[in-house]
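Here's the structure we're looking at; comments come further down.
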Amino acid sequence: MGSVDRGRGVRDTIHRMADAPRARFLALADVAQVLNISVAQAYALVRRGDLPAIKVGGRGQWRVEVEALEAYIAGAYTSTAQYIKEHPFVGDESRADETADLD
């Protein structure tokens, strides 16, 4: 089985959602859809500074650059991998000990 290019799939989804082949910015609703979170959670990511964004227009609409979203996703994979490395899952080891007693 080959490896999955997550980055390309995300970029394709982002560009398709933006309704333009090379859209530069996404609304928070689009960001929320890509990340499968609520718009309120996307807004919180922006307001905390976790996801860079700009305010545009007279009403201050938030927009996230496609590259910034891709970088955020890549960083999330990296930080998750680090978390897993530092916090190994030990649930399966305890089950292995239980089944070893049955032999």
Side-chain angles (χ1 to χ4, degrees):
M1 204 152 79
S3 66
V4 175
D5 182 3
R6 288 184 178 96
R8 183 164 191 266
V10 168
R11 284 189 295 276
D12 291 347
T13 300
I14 291 169
H15 290 303
R16 196 170 39 257
M17 284 178 51
D19 200 22
R22 288 291 179 204
R24 183 171 177 182
F25 293 98
L26 300 170
L28 290 184
D30 297 328
V31 170
Q33 188 174 0
V34 168
L35 297 176
N36 197 26
I37 60 175
S38 70
V39 175
Q41 289 170 313
Y43 177 75
L45 288 173
V46 168
R47 293 293 287 147
R48 282 195 312 256
D50 295 336
L51 179 60
I54 60 170
K55 286 181 78 170
V56 297
R59 293 178 29 210
Q61 298 285 320
W62 288 100
R63 295 294 181 261
V64 176
E65 200 163 7
V66 169
E67 273 78 27
L69 181 56
E70 291 172 356
Y72 173 81
I73 292 168
Y77 276 111
T78 301
S79 63
T80 300
Q82 184 64 33
Y83 176 85
I84 289 170
K85 182 178 178 183
E86 293 171 358
H87 303 89
F89 182 69
V90 294
D92 288 342
E93 291 174 10
S94 63
R95 285 190 64 196
D97 290 343
E98 292 170 9
T99 57
D101 294 336
L102 299 175
D103 290 337

**OP:** Say whether, by atom type as modelled, one donor and one acceptor occur between the side chain of Gln41 and the main chain of Ser38 under 3.5 angstrom.
**Re:** yes
Original post:
What's the spacing between Leu28 CG and Gln61 CD if we round to 0.5 Å?
Top reply: 8.5 Å
Original post:
Quick one: are Val31 and Trp62 in side-chain contact, heavy atoms under 4.5 Å?
Top reply: no
Subject >> Minimum heavy-atom distance Val64-Ala53, with the two atoms named >> reply: CG2-CB, 3.8 Å
Original post:
So does Arg48 have more than 12 non-hydrogen atoms from other groups sitting under 6.0 Å from CZ?
Top reply: yes
**OP:** Would you indicate whether the side-chain heavy atoms of Leu35 and Tyr72 approach each other to under 4.5 Å?
**Re:** yes
Subject >> Atom pair CG (Leu26) and CD (Gln33), whose distance is rounded to the nearest 0.5 Å >> reply: 10.5 Å
Original post:
Does the side chain of Val34 come within less than 4.5 Å of Ile73's, by heavy atoms?
Top reply: yes
Subject >> Straight-line distance of Ile54 CD1 to Glu65 CD, nearest 0.5 Å >> reply: 7.5 Å
**OP:** Enter the distance from Arg63:CZ to Lys55:NZ here, rounded to the nearest 0.5 Å.
**Re:** 12.0 Å
